[in-house]
Undergrad: 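Dropping the structure in here first, questions after.
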There are 4 protein chains.
Amino acid sequence: MGQLTAPRRARSAEAKADRARALEDAALAALERVAWPDLAVAQVARDAGVAKGTLYLYFPTKESLGLALVGRLLGRWFDDVIASLDLARAPLSPHAAAERIVATVERHRTLLPLLAISGTLLEANVAADAARGFKAELLRRTLEGGAALERAMGTLRPGEGARLFLHLHALVTGLYRMAEPAPVVRAVLRTPRFRALRVEFTTELTFAFTALLVGVVAQRDRLPASRS
Amino acid sequence: MGQLTAPRRARSAEAKADRARALEDAALAALERVAWPDLAVAQVARDAGVAKGTLYLYFPTKESLGLALVGRLLGRWFDDVIASLDLARAPLSPHAAAERIVATVERHRTLLPLLAISGTLLEANVAADAARGFKAELLRRTLEGGAALERAMGTLRPGEGARLFLHLHALVTGLYRMAEPAPVVRAVLRTPRFRALRVEFTTELTFAFTALLVGVVAQRDRLPASRS
Amino acid sequence: MGQLTAPRRARSAEAKADRARALEDAALAALERVAWPDLAVAQVARDAGVAKGTLYLYFPTKESLGLALVGRLLGRWFDDVIASLDLARAPLSPHAAAERIVATVERHRTLLPLLAISGTLLEANVAADAARGFKAELLRRTLEGGAALERAMGTLRPGEGARLFLHLHALVTGLYRMAEPAPVVRAVLRTPRFRALRVEFTTELTFAFTALLVGVVAQRDRLPASRS
Amino acid sequence: MGQLTAPRRARSAEAKADRARALEDAALAALERVAWPDLAVAQVARDAGVAKGTLYLYFPTKESLGLALVGRLLGRWFDDVIASLDLARAPLSPHAAAERIVATVERHRTLLPLLAISGTLLEANVAADAARGFKAELLRRTLEGGAALERAMGTLRPGEGARLFLHLHALVTGLYRMAEPAPVVRAVLRTPRFRALRVEFTTELTFAFTALLVGVVAQRDRLPASRS
DNA sequence: TATGAATGAGTGTTCATTCAT
DNA sequence: GATGAATGAACACTCATTCAT
């Protein structure tokens, strides 16, 4: 189905990439409906129009598919973040920078649940190669994003931008979990008395990340600039 | 291993509480060795010296056992935090307060992996009652801890302390994951080129939480003091 | 609760019988709501206001409780049948006799589902003693009922009445199952095309039992009067 | 035991049907030894020489396997019944017809215990689809058998044959239970005094079904020919 | 390459029954 | 006699992964 474009020379390699992407797309679409543990490999394959075994020609494990998906979404998000920062009229205040970045997070909410599990469910059952590839890509983008942040703010020292992205990652993961609890818990928290435990993702993330941006400069003299 | 405590027939409320605690202890000990998903209920019961069915007399599901465990460890930690804050000569600087609190986190590392999964694995499959009980306790302690922090720092407004504990929770969860990755990933990150992705838990937590403490005061005029 | 009557001499033995009856009552009430396999012994005990262990002082197994219940309901039904037959102006035609008897079945519908399982679920896990007791009672009532039927019709030979009650038992059991299928099946059978498979209990039972009454006389010369 | 048939990879529709049949055969053989509730799915698979999961490729639940088995045996029996009736020199007397049919029942005794539980254990836990399929087949065969019976006897009106097969079903079920009680009960009934409660399956079935055949004609004027 | 049939390890939970108190 | 805490056997079903075709 499809195949509107004429077969090109690089057909084999390209077709492979297309196939892989189609599988990732199917998985992504399915993840709109079900959580990762309930995502059936068979369903993904079916949705992508291939047989189950075919999926395993492209991804050695279910987790590697998930990790590839996270990688892709992460890449898109970094593209957005970097573009957004580079578009800004420097120098950005901490709050302005945080708002800009959080806005991009908002635009990539599908990434969030996956990011939240990437540390546990995904990276747990993946070959060293896949892990290395993923981390290498993550490193590259983290450094790029860090550099963009440093450019945009003008007050950061080299390396501080990347470090802030790491903290952003931690904050996003931690806060997302609290903001989007399991249905039972959500119902419980709806009660007025539990108001203090409710977390509004964007508000809190903006608050916390702004504080971090302020803090990284303020604490510069107390903590070592580079981590071990 | 274990079985040391095997009092037959827990009839009094106290004996029952002991039995429940023994089961939680067995689970906790087992969790030193295996991750939550690999924790077999049968093994926990065996370690506690009771039959499998007995465990279900005290905990309706595996998850409720886990949640009770988290609740207990969380309670202990809060005890420690509050005591530590109340012992301090007020007013504490943000950095001093952060260091004090992070030090208590260090003393309760067994709580960390459980806390990290409480939002996903545990709260997902628990009855509304159990969830409510857990959250009620969490709320109470969070408010207590928040009050203690407000007392210790002297610069926070009412409610800000509790809010900071929520952020602390998010940070701990997020950073712990990054600091303690799966074995494969840990191996990958050992390579020097990945240095920038490595997270040293205490350092980063101290840094981030300090920043938050500073930020909550600094941003007071930008953000609404109370969340919806 | 209760105990309005003054304690009598025979208190112990009587009280025991009362207890047993209370348990049977509780079971009977519960069986209005759930099927036998889903009937929890714990629930029956709770409903009867006693502890689980107490139930086992009166009935050695769950099945023996069920069998006792069937015995009691069966006894009541036989009372009704015999009274109804004895009240009739003899001689009754086969059809009239059948209608009279089926009417009593209608008045004891709670017996039906229990009767239907007595052969499978109940008698399977019961001690020889209990089985013998139940069968002895059944035999006595069957013979009594048979005699009543012979008196009422006037055309039957000795023993044929009892034999007809055995067939009635078989018919009731078989037809009840078909008339009250599992919910899924019932839904399926509602479709018009399945009309031919639907069984209206009373109609069919009346029809079949009438035929048997006619047949027993008509076949007298073909079949041996007494079965092996 | 078994495993004799273990063709790998059933790809064609035919091979699949074979596989399903092999599983049914294994189940049938096992049911010679144990009752349905004690029949372990794992054992059936093992006997058929396949893995447990493979069984679930062919039957979504244990009960659907049982139902398929009943369907198959029922089909064979109907084949036999219809053939037997069609072979007869019409018109058959009620008694002759009954004897012919009961003889076929005798030749398919393996069907009996399954038929006896199909209404309770099997149809209870089956998807609507499976139930519909089974009932559709049952309807078809019942109508066919009914037509054959009408042809053979020559005295029945259209539809009466099918109705009689329904009654036959009820009788077979009810009488089989009484004729083949649980071991404990059987032992009890062996005592001479319980002679009146003993049921000899063939004798009683012949007797009852003959009576029905006679009755359906005799009662024609009393009861509506077609049931609601 | 693609397929999809086959695999089989893995486990939380129920509940009738027992028995220490 | 009454209690109710303790027992523990028993089991269908899933689903990621493999591999014959």
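Remember, predicted model here, so these are calculated numbers, not experimental data. Each chain gets a letter, A, B and so on, in the order its sequence line appears, and its residues count up from 1.
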Undergrad: Take the protein atom NZ of D:K16 and the nucleotide atom C1' of F:dT21, then report the distance between them rounded to whole Å.
TA: 14 Å
Undergrad: To the closest 0.5 Å, what do you measure between CG (B:L114) and CG (B:L122)?
TA: 7.0 Å
Undergrad: How close or far is atom C1' of F:dT17 from atom CG of A:N125, stated in whole angstroms?
TA: 11 Å
Undergrad: Looking at D:R9, I'd like to know whether one of its side-chain N or O atoms comes within less than 4.0 Å of OP1 or OP2 on E:dT7.
TA: no
Undergrad: Does a distance-only test, which skips hydrogens and angles, find a donor-acceptor pair under 3.5 Å between the side chain of B:K52 and the base of F:dT7?
TA: no
Undergrad: Rounded to the nearest angstrom, tell me the gap between atom CG in D:L55 and atom P in E:dA9.
TA: 16 Å
Undergrad: For C:L65, which contact category applies under a 4.0 Å heavy-atom criterion: base, sugar-phosphate, or nothing?
TA: nothing
Undergrad: Whole angstroms only, please: what is the CG-P distance between A:L39 and F:dT17?
TA: 12 Å
Undergrad: Output the rounded distance in Å from CD (B:Q43) to C1' (E:dG10).
TA: 15 Å
Undergrad: Apply side chain to side chain contact (heavy atoms under 4.5 Å, CB included) to the pair C:L67 and C:E123, showing each step before the final yes or no.
TA: CA-CA 7 Å; C:L67 209 56; C:E123 298 181 354; 4.1 Å; yes
Undergrad: Is C:E63 close to C:L121 at the side-chain level, that is, under 4.5 Å between some pair of heavy atoms?
TA: no
Undergrad: Toss me the dot-bracket line for DNA chain F: Watson-Crick and G-U wobble, both under 3.5 Å, 5' to 3', using | for pairs to another strand and [ ] for crossers.
TA: .||||||||||||||||||||
Undergrad: Between C:T61 and A:V50, name the one whose nearest nucleotide on DNA chain E is closer to the 5' end.
TA: A:V50
Undergrad: Taking all non-hydrogen atoms of both residues into account, name the closest pair between C:S64 and C:V126 and its distance.
TA: N-CG2, 3.8 Å
Undergrad: Donor-acceptor pairs are to be reported for all side-chain atoms of residues 41-48 of chain A against protein atoms at under 3.5 Å, with residues two or more places apart or in another chain.
TA:
from  : atom 1 : to    : atom 2 : distance (Å)
A:Q43 : OE1    : A:R46 : NH1    : 2.8
A:Q43 : NE2    : A:D47 : OD1    : 2.8

Undergrad: Please determine, for the side chain of D:R11, which listed nucleotide (E:dG12, F:dG4, E:dG4) has the closest atom?
TA: E:dG4
Undergrad: Send over the distance from D:K62 NZ to F:dC11 C1', rounded to a whole Å.
TA: 9 Å
Undergrad: For B:T54 and for A:Y58, find the nucleotide of DNA chain E with the closest heavy atom, then tell me which residue's nucleotide is more 5'.
TA: A:Y58
Undergrad: May I have the list of side-chain donor-acceptor pairs in residues 24-35 of chain C shorter than 3.5 Å, sequence neighbours left out?
TA:
from  : atom 1 : to    : atom 2 : distance (Å)
C:E24 : OE1    : C:R72 : NH1    : 2.6
C:D25 : OD1    : C:R72 : NH2    : 2.5

Undergrad: Quick check: on DNA chain F, is the nucleotide nearest C:G53 upstream (toward 5') of the one nearest A:V41, or the reverse? Name the residue that is more 5'.
TA: C:G53
Undergrad: With heavy atoms under 4.0 Å as the rule, sort C:R19 into base, sugar-phosphate or nothing.
TA: sugar-phosphate
Undergrad: Take the protein atom CG of D:L23 and the nucleotide atom P of E:dA5, then report the distance between them rounded to whole Å.
TA: 14 Å
Undergrad: Do D:K62 and D:L65 come close enough that some side-chain heavy atom pair is under 4.5 Å?
TA: no
Undergrad: Tell me: CD of B:E63 to P of E:dT11, nearest whole Å?
TA: 13 Å
Undergrad: Please tell me which of D:L57 and C:L57 maps to the more 5' nucleotide of DNA chain F, matching each residue to the nucleotide holding its nearest heavy atom.
TA: C:L57
